[in-house]
Amino acid sequence: MGENERTGRCVVAVDGPSGSGKSTVSRRLAVRIGARYLDTGAMYRAVTWAVLRSAVDLTDTESVTKVTSEVDLRIGTDPEGYGVTADGVDVAKEIRGPEVTGAVSAVAAVPAVRELLVARQRQMITNAGRIVVEGRDIGSVVAPDADLKVYLTASEAARAQRRSAEDASDVAATAADLARRDKLDSTRKTNPLQQAPDAVVLDTTELGIDEVVARLRELLAERGVA
């Protein structure tokens, strides 16, 4: 019997660009396999909210790092109802707003910020044992030993349509913003958005959420960790 079977440990790393279905798929998969769920993007967004509230210059990496190290960031891991607070403030709604969305890539590009949050993410993964983690560098950096690494993608049009439907925004404007963030996230020097060499790539353009989740469960079963 393998180590994963004896302990129940199961780490699933889900990476990919915005609008590829990461959040919905990851939460639903976590529920189906009885695992915790971690949205690492929400952590970067919460830190960005704190940075914006402190009014420091986004290009002042030392100040941005200081805010990151001092903010009391708390994020739940219940896939059916997790919360996010920063310094005791419920920021679940605010971190999805245009101000944070426009600044998060700049904050997430600061090497020291990533170092701080990656260390915390790894600790949360260790503590959970059985967890689905979504982000942009999970399989390549945060959890390189994950039992299953998946890179979700979709056409630019599909991604823009999905994100626009979520926040009732203009499709063209959403597409432009996604393209901007993709470029920033994939070209940053530290832990860029990228597909791990051993990740399974799934194009979700023509797939429903349940179809994607079913495929991931099949992959987990093949690895003996479902």
Side-chain angles (χ1 to χ4, degrees), residues 4-5 7-49 71-97 100-101 104 117-118 120-139 142-143 146-154 158-159 161-168 200 202 204 207-221 223-226:
N4 287 329
E5 292 172 294
T7 64
R9 176 183 177 276
C10 178
V11 178
V12 182
V14 183
D15 291 305
S18 297
S20 58
K22 294 193 308 295
S23 295
T24 304
V25 166
S26 296
R27 288 198 303 271
R28 195 166 299 182
L29 176 64
V31 170
R32 299 281 174 82
I33 66 173
R36 308 306 291 179
Y37 161 72
L38 178 59
D39 178 356
T40 63
M43 296 176 73
Y44 286 101
R45 284 175 172 272
V47 165
T48 300
W49 175 88
V71 64
D72 179 12
L73 172 61
R74 306 197 180 194
I75 181 168
T77 58
D78 181 347
E80 296 189 276
Y82 72 98
V84 187
T85 65
D87 291 331
V89 179
D90 182 348
V91 296
K93 182 177 181 180
E94 285 80 357
I95 63 175
R96 303 299 174 183
V100 169
T101 297
V104 66
L117 293 188
V118 167
R120 182 162 181 186
Q121 290 157 11
R122 286 174 173 164
Q123 187 58 57
M124 294 177 75
I125 291 170
T126 297
N127 292 343
R130 191 172 183 82
I131 189 169
V132 178
V133 190
E134 65 146 305
R136 284 166 161 68
D137 63 346
I138 310 306
V142 180
D147 299 285
L148 173 63
K149 301 177 188 179
V150 183
Y151 189 88
L152 297 186
T153 187
R159 291 168 53 214
Q161 286 284 357
R162 292 171 182 171
R163 186 48 54 89
S164 177
E166 288 176 2
D167 53 24
V200 175
L202 282 181
T204 67
L207 297 176
I209 297 300
D210 287 334
E211 291 177 292
V212 178
V213 172
R215 177 56 180 149
L216 298 189
R217 293 190 71 182
E218 290 175 359
L219 292 169
L220 285 171
R223 288 161 173 74
V225 291

Partners passing side-chain contact (heavy atoms from CB on, under 4.5 Å) against A143 (at least two apart in sequence or in another chain) = V11, I125, I138, A146
Any donor-acceptor pair under 3.5 Å linking the side chain of T24 with the backbone of G21?
-> no
Do the side chains of E211 and L202 get nearer than 4.5 Å, heavy atoms only?
-> no
Atom of I75, atom of A42 and distance for their closest heavy-atom approach = CD1-CB, 3.9 Å
Please step through side chain to side chain donor-acceptor pair (under 3.5 Å) for the pair Y37 and E80, ending with a clear verdict.
-> CA-CA 9 Å; Y37 161 72; E80 296 189 276; over 6 Å; no
D15 (side chain) donor-acceptor with D137 (main chain) under 3.5 angstrom = yes
For S23 and E134, the nearest pair of non-hydrogen atoms, with its separation, is OG-OE2, 2.7 Å
R45 versus I95, closest heavy-atom pair with distance | NH1-O, 2.6 Å
Non-hydrogen atoms of R32 and D210 that approach each other most closely = NH2-OD1, 3.5 Å
Let me see the working for E94 and V89 under side chain to side chain contact (heavy atoms under 4.5 Å, CB included), right down to the final yes or no.
-> CA-CA 10 Å; E94 285 80 357; V89 179; 5.9 Å; no
So, the side chain of R120 versus the backbone of L73: is there a donor-acceptor pair under 3.5 Å, distance only?
-> yes
Does some side-chain heavy atom of V142 sit less than 4.5 Å from a side-chain heavy atom of R122?
-> yes
Is there side-chain contact between Y82 and R36, with heavy atoms separated by less than 4.5 Å?
-> no
Salt bridge present between K22 and D39 (N-O < 4.0 angstrom) = no
Donor-acceptor contact below 3.5 Å, side chain T85 vs main chain D90 | no
Polar side-chain atom of T204 near backbone of S20 as donor-acceptor pair, under 3.5 Å | yes
Taking everything shown except R74 itself, do over 12 heavy atoms lie less than 6.0 Å from its CZ?
-> no
